[in-house]
Amino acid sequence: MVKNSIEIAPSILGGDHAALGEAVAQIKAAGLTWVHVDVMDGHFVPNLSFGPGVVKALKARYPEMFFDVHLMLDNPHLYIDAFAKAGADLISIHVEPDYPIASTLDEIHLAGKKSGIVFNPMTPVGDVAPYLPRVDLVLVMSVQPGFGGQSFNPVALEKLSALSAMRAEMKLNFRIEIDGGITAKNVGECIARGADTIVAGTEFFKNEKALLEAAKV
Ligand code: DX5
Ligand code: ZN
């Protein structure tokens, strides 16, 4: 089984919204390539954030960066084409809303992009199990989605361990991403449990050096 590299994916939701290009420049200057873009519809989550136009502009200016687009939408299947055309490199969709999940994951691949399935702290890991053979990444939420700056919910730790075991048993290589309330203090435990892709908004933009040292990247 291939061991995935450890990637830090700073969330630009935690950056200066008046200067998102500079936020990506800071990520690049830190020697990182993943940029986590949180897309919110004000319906699935009680907040609104960025659209395809923001991804398009940032990808055009930073084509070498890997745009990890997290769709917190009730109807993500209606937006795959728009985000794929905008330049998203990976598109992750939530398991909770009612829409054709499997065919949407296939649509992401047909668009030539990496796919991810996401689940919330209160959602059992069994809910994503049927999709594991289809995806390139599983995103474990350690906060209720909608806002940056929340505290880490340790319920995510058991899910990281469970997913690690399932990945080994099923001889799969999907990435395991953790998202929400990640700090220099808890990143080591998440990696030890099997997370290989680390989203950090607040901590990256407030405490970059400590975070990168703790994650040993
Ligand atoms: C929350 C988003 C997270 C958030 C992370 O809905 O999915 O990516 O921006 O921000 P921090 O690291 O500040 O919790
Ligand atoms: Zn996110």
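Atoms within a ligand are numbered from 1 in the order they appear, just like the ligands themselves.
- Among the candidates L137, D136, V135, D127, the single residue satisfying the side chain to side chain contact (heavy atoms under 4.5 Å, CB included) test with I117 is V135.
- No side-chain donor-acceptor contact under 3.5 Å links H94 and D74.
- Between N120 and Q144, the closest side-chain pair of non-hydrogen atoms falls below 4.5 Å.
- Nearest protein neighbour of atom 6 (O) of ligand 1, counting heavy atoms only, is G146 N, 2.7 Å.
- Of all atoms in ligand 1, listed by their number and element, those nearer than 4.0 Å to a heavy atom of D38 are 2 (C), 3 (C), 4 (C), 7 (O), 8 (O), 9 (O).
- In summary, the atoms of ligand 1 found under 4.0 Å from a heavy atom of F147, numbered by their order in the structure, are 1 (C), 6 (O).
- For the pair A129 and M166, the tightest heavy-atom approach, listed with the atom from each and the gap, is CB-CE, 3.7 Å.
- The backbone N or O of G149 lies less than 3.5 Å from a partner atom in the side chain of T202, making a donor-acceptor pair.
- In this structure, the protein non-hydrogen atom closest to atom 10 (O) of ligand 1 is G148 CA, 3.6 Å.
- Side-chain contact of H70 with D68: a donor-acceptor pair under 3.5 Å is absent, judged by distance alone.
- Using modelled atom types, one side-chain atom of S49 and one backbone atom of M40 make a donor-acceptor pair closer than 3.5 Å.
- Put simply, the side chain of S142 gets close to the backbone of D179: a donor and an acceptor are under 3.5 Å apart.
- Between E203 and ligand 1, a contact under 3.5 Å exists for no N or O pair.
- Of the N or O atoms in I182, none lie within a sub-3.5 Å distance of an N or O in ligand 1.
- Between I27 and M65, some side-chain heavy-atom pair lies under the 4.5 Å cut-off.
- Per-residue contacts place L13 under 4.0 angstrom from the following atoms of ligand 1 (heavy atoms of the residue considered): 9 (O).
- When each atom of ligand 1 is checked for a heavy atom of M72 under 4.0 Å away, the hits are 6 (O), 7 (O).
- Taking the side chain as every heavy atom from C-beta outward, F204 and Q26 approach each other to under 4.5 Å.
- Residue contact check: M141 has heavy atoms under 4.0 Å from atoms 7 (O) of ligand 1.
- For ligand 1, the polar-atom distance check against M40 finds no nitrogen or oxygen pair separated by under 3.5 Å.
- Taking all atoms of both residues into account, the shortest heavy-atom contact from P10 to L32 is CG-CD1, 3.8 Å.
- Set against the non-hydrogen atoms of G181, the atoms of ligand 1 under 4.0 Å away are 11 (P), 12 (O), 14 (O).
- Protein heavy atom in closest approach to atom 13 (O) of ligand 1: T202 OG1, 2.5 Å.
- Counting only heavy atoms from C-beta outward, the side chains of K59 and D89 approach each other to under 4.5 Å.
- Of the polar atoms of D179, at least one N or O is found under 3.5 Å from an N or O of ligand 1, judged by distance alone.
- Of the N or O atoms in G180, none lie within a sub-3.5 Å distance of an N or O in ligand 1.
- Each of the following atoms of ligand 1 lies closer than 4.0 Å to a heavy atom of H36: 8 (O).
- Here the protein heavy atom with the shortest distance to atom 12 (O) of ligand 1 is G201 N, 2.7 Å.
- Between G149 and ligand 1, at least one pair of N/O atoms sits closer than 3.5 Å.
- Below 3.5 Å of separation, one finds an N or O of H70 facing an N or O of ligand 1.
- The atom of H70 that is an N, O or S and sits closest to the Zn ion (ligand 2) is ND1.
- When you scan the N, O or S atoms of D38 for the one nearest the Zn ion (ligand 2), you land on OD1.
- Residues R175 and N4 meet the side-chain proximity criterion, which asks for heavy atoms closer than 4.5 Å.
- When NE2 of H36 and OD2 of D179 are joined through the Zn ion (ligand 2), the resulting angle is 90° to the nearest 10°.
- Near A200, meaning under 4.0 Å from any of its heavy atoms, are these atoms of ligand 1: 12 (O).
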